[in-house]
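I have placed the structure first, in the form of C-alpha cells, so that the comments after it can refer back to it.
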Protein chains: 2
Amino acid sequence: MDRKQWILDAATECFSEYGYKGTSVEQVAKRANVGKGTIYTYFKNKEELLQVIMMRVVQRFELSLEKNVVAHVPFHENAQQVLKDFLKFQKENALTFQLFKEMRELKTAEVVTIVQEFEDCILALLKKQLNVAVQNGEIVACNLELTAFLTYHMYLALVAEWSKRHKPLTDEEISKVFQLFFCGGLMR
Amino acid sequence: MDRKQWILDAATECFSEYGYKGTSVEQVAKRANVGKGTIYTYFKNKEELLQVIMMRVVQRFELSLEKNVVAHVPFHENAQQVLKDFLKFQKENALTFQLFKEMRELKTAEVVTIVQEFEDCILALLKKQLNVAVQNGEIVACNLELTAFLTYHMYLALVAEWSKRHKPLTDEEISKVFQLFFCGGLMR
DNA sequence: AAAATGACCGATTTACAAAAATGGTCAAAT
DNA sequence: ATTTGACCATTTTTGTAAATCGGTCATTTT
C-alpha cells in the first residue's frame, strides 16, 4: 500500500547490509518490489533517500534519550547516558554502524555529510545538558561547544580507540574515568 | 666517508618528501650517491631503514623533552609541555608529519607499526609524568595507562579534530581546557 | 489523469591484461 | 672486503573494453 515506506524499508536494509555506495538504486527497487522509476517519484535522488532515512533515525535516537536523561541528576551521569545510548544505538542499528564505517574507510562524500549531521545532533544534546548544568550552577561556566566536543571525543577514545590495542573497558571503568575527570579532576 | 649516514640522510629526505611507500630504494640510493646494493649491506631491508631513522628521531624527541619537563611543576603543566612539544616536533619534522599522514590515509603496514611505536613512546612519557605526580601525592591514584591514553587523545582531539570544523585553538585555549579538566574538573 | 515502469543515456566504476616499477639478491667488478 | 647494477619474482600502474551506475522520460498501467 504505502509504497514510499516500502522503499524506505528496503533502502534501510540494503544500506545496512552493503553500505550506501555498495547499494544500487535498482537493488533497492528490487527489494521494495517496485520499478526503479518509482523511487524517483518519491525521492529526488539516492542521497535524499539516505537523508530521509537518517532523519527518522535521528528522531528515534532523540526519543530514546528523552527517557534516559532526567533532571536533578549530576551532569556527568546524564552526559554519560547520552553517550552510552549512542553506543547502544550503534550496536542495535546496523545502519549507523555501517555508515560510520563507510565514512572512516571509503569516505563517501554523501555519507561523510550525513554522519557529520548525526554527530552534530549528539553534540547538540551534550551541549544542551551542559547548558542546563551551568544554569543550575552545577558545573563551572565554560565554552559549551568545546566542552561537549571534548566529552564526545573522550568517549570515542575510550570505547573505540582503546579497544584497538587493549581489552575493552567495562561500563563501570568508563564511568569511573568520566567521574574522575568531571568531578574533582586529577589533582588532589 | 660515512656511507651509512649518507644513506640515512638521503632516506630521511625522501621519506619526508614522498612518504615511505612513495619512496623507492633506488631513489634513496641515487640521492645518497651509492649503488642500490650498498644500502642492503648496511640495512636488512627498506623497513629496517625506516626503523633506524625513527629510532633516532625518537631519541631526539626524548632529548628535546628533557629540557622542557621539570620537577616541582604541576603535572598538567608538564603533561601539556610533553604534548605541546610533540606538536611542535610534528611541525618541524616533515618526516613524522608525513608518516602520521601516511598511516591515516594509506595505512601502509610498516608505517602503522612504526608510528604506533612513536605513539607508545609519547604515552610512556606521559605515564612517567603521571607516576611521578602520583608519588608526589600531587594527583589522585588512577589507572596510569588509561589516564595517559586519554590525555593524549584529548590533546589530539583538541589540536587535530577540532580544527577540521572550527577555528584552530590557541595554546592558551588548549591550556585552559586542560586546566579545567585536570584541576578541579567541571563540577563546582 | 495520475502513478508506475523499465528501456535508455551519459558518466562512472570495474575487470583485466600488458607494461612498468619495486624490493631484494648475487655474481662480477672494484 | 666492499661496492655495484643487471637480474628476478612480485607488486603496482596503466590503458581500455565491458559492465554498472544514477537518473530520465516516453510509454504503459491503474
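The chains referred to below are lettered A, B, ... by the order of the sequence lines, with proteins before strands, and numbering in each begins at 1.
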Under 4.0 Å between a side-chain nitrogen and a carboxylate oxygen: does that hold for A:Glu17 and A:Arg31? yes
May I ask you to decide whether A:Lys164 forms a salt bridge with A:Glu161, counting only side-chain N to carboxylate O separations under 4.0 Å? yes
Let me know the distance between [atom1] of [X] and [atom2] of [N], rounded to the nearest Å.
X	N	atom1	atom2	result
A:Leu50	D:dG22	CG	P	13 Å
B:Tyr18	C:dA21	OH	P	16 Å
A:Phe43	C:dA4	CZ	P	12 Å
A:Lys30	D:dG22	NZ	P	13 Å
A:Asn33	C:dT5	CG	C1'	14 Å
A:Ile39	C:dA3	CD1	P	17 Å

Would you say D:dT2 has OP1 or OP2 under 4.0 Å from some side-chain N or O of B:Thr41? no
Would one find a side-chain N or O of B:Arg3 under 4.0 angstrom from OP1 or OP2 of D:dT2? no
A:Glu102 backbone acceptor or donor facing A:Lys21 side chain under 3.5 Å: no
Is a side-chain N or O of B:Trp162 found less than 3.5 angstrom from the main chain of B:Leu156, in a donor-acceptor match? no
Does either side chain, that of B:Gln116 or that of B:Asp120, offer a donor lying less than 3.5 Å from an acceptor on the other one? no
Under a plain distance cut-off of 3.5 Å, with no hydrogens placed, do A:Gln98 and A:Ser16 share a side-chain donor-acceptor pair? no
Enumerate the protein-to-nucleotides 23-25 of chain C contacts in which both atoms are nitrogen or oxygen and the separation is below 3.5 Å.
unit_1: C:dG23; atom_1: OP1; unit_2: B:Thr23; atom_2: O; d: 3.2
unit_1: C:dG23; atom_1: OP1; unit_2: B:Lys46; atom_2: NZ; d: 2.6
unit_1: C:dG23; atom_1: OP2; unit_2: B:Val25; atom_2: N; d: 2.7
unit_1: C:dG23; atom_1: N7; unit_2: B:Lys36; atom_2: NZ; d: 3.3
unit_1: C:dG24; atom_1: OP2; unit_2: B:Tyr40; atom_2: OH; d: 3.1
unit_1: C:dG24; atom_1: OP2; unit_2: B:Lys46; atom_2: N; d: 2.8
unit_1: C:dG24; atom_1: N7; unit_2: B:Lys36; atom_2: NZ; d: 3.0
unit_1: C:dG24; atom_1: O6; unit_2: B:Lys36; atom_2: NZ; d: 2.1

